[in-house]
Amino acid sequence: MRMKKSQFLFGLFFMMMLTFSLSSLFGQQRSRAEIAWDWIYNAKALVIDVRTPEEFNSGHLDMAINIPLDTIEKRITAIVPNKTASIVLYCRSGNRSGQAYNILKSLGYTRIHNGGGYTELLQARPKK
């Protein structure tokens with residue numbers, strides 16, 4: 001009995017999805033905050049807090065600079081002219097940093113990561 005091409009492709013797709021699902025269940029998925037810490041420590045990423053100055057002043061990561069979301073599009077090229085620089089963005093929940101991610105991407109930045117929320121990053125910070 002010969003297998004049709006569509007049956008083969010469906011079977012291949014099914015096996016790939018099963019492999020992905022099993023690796024998600026049993027493998028170690030890294031959170032966006034854990035990835036952010038890798039970038040911060042290993043890639044020496046610039047850390048940008050896109051919250052308001054008031055939020056920033058109430059607590060922030062030591063290495064972070066504050067560029068509020070509503071000013072990032074106008075200010076980023078003066079602060080980070082190198083569009084291949086590693087940049088980690090964060091805010092309160094990950095929403096504004098996601099918006100900032102899209103802004104930087106549209107401006108041509110290529111090594112950007114949404115680290116999520118401030119509390120999320122604090123909880124994922126590696127113990128040294």
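One is the number of the first residue; the rest follow in order along the sequence. These figures come from a predicted structure and were not determined experimentally.
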(request) Anything under 30° is parallel, anything over 60° is perpendicular, the rest tilted; go ahead and classify Y90 against Y118. (result) parallel
(request) Report yes if some heavy atom in the side chain of I67 is under 4.5 Å from a heavy atom in the side chain of I76; otherwise report no. (result) yes
(message) If we check side-chain contact (heavy atoms from CB on, under 4.5 Å) with R75, which of these qualifies: I72, I79, T77?
(response) I79
(message) Could you check whether N114 and Y101, counting side-chain N and O atoms only, form a donor-acceptor pair closer than 3.5 Å?
(response) no
(message) Nearest 0.5 angstrom please: I48 CD1 to L61 CG, how far?
(response) 12.5 Å
(message) I want to check something: taking the side chain as every heavy atom from C-beta on, are I103 and L69 in contact at a cut-off of under 4.5 Å?
(response) yes
(message) Looking at R96 and E55, is any side-chain nitrogen of the basic one under 4.0 Å from a carboxylate oxygen of the acidic one?
(response) yes
(message) Looking at L121, is its backbone amide N or carbonyl O close enough to the side chain of W37 to form a donor-acceptor pair, meaning the two atoms are under 3.5 Å apart?
(response) yes
(message) Distance check, rounded to the nearest 0.5 Å: S31 atom OG versus Q123 atom CD?
(response) 10.0 Å
(message) Testing the 3.5 Å rule here: is there a donor-acceptor pair between the side chains of T84 and N82?
(response) yes
(message) Is there a side-chain contact between N66 and P53 in this structure, where contact means two heavy atoms from C-beta onward sitting under 4.5 Å apart?
(response) yes
(request) Answer yes or no: is there a donor N or O on one side and an acceptor on the other, between the side chain of K83 and the main chain of T110, under 3.5 Å? (result) no
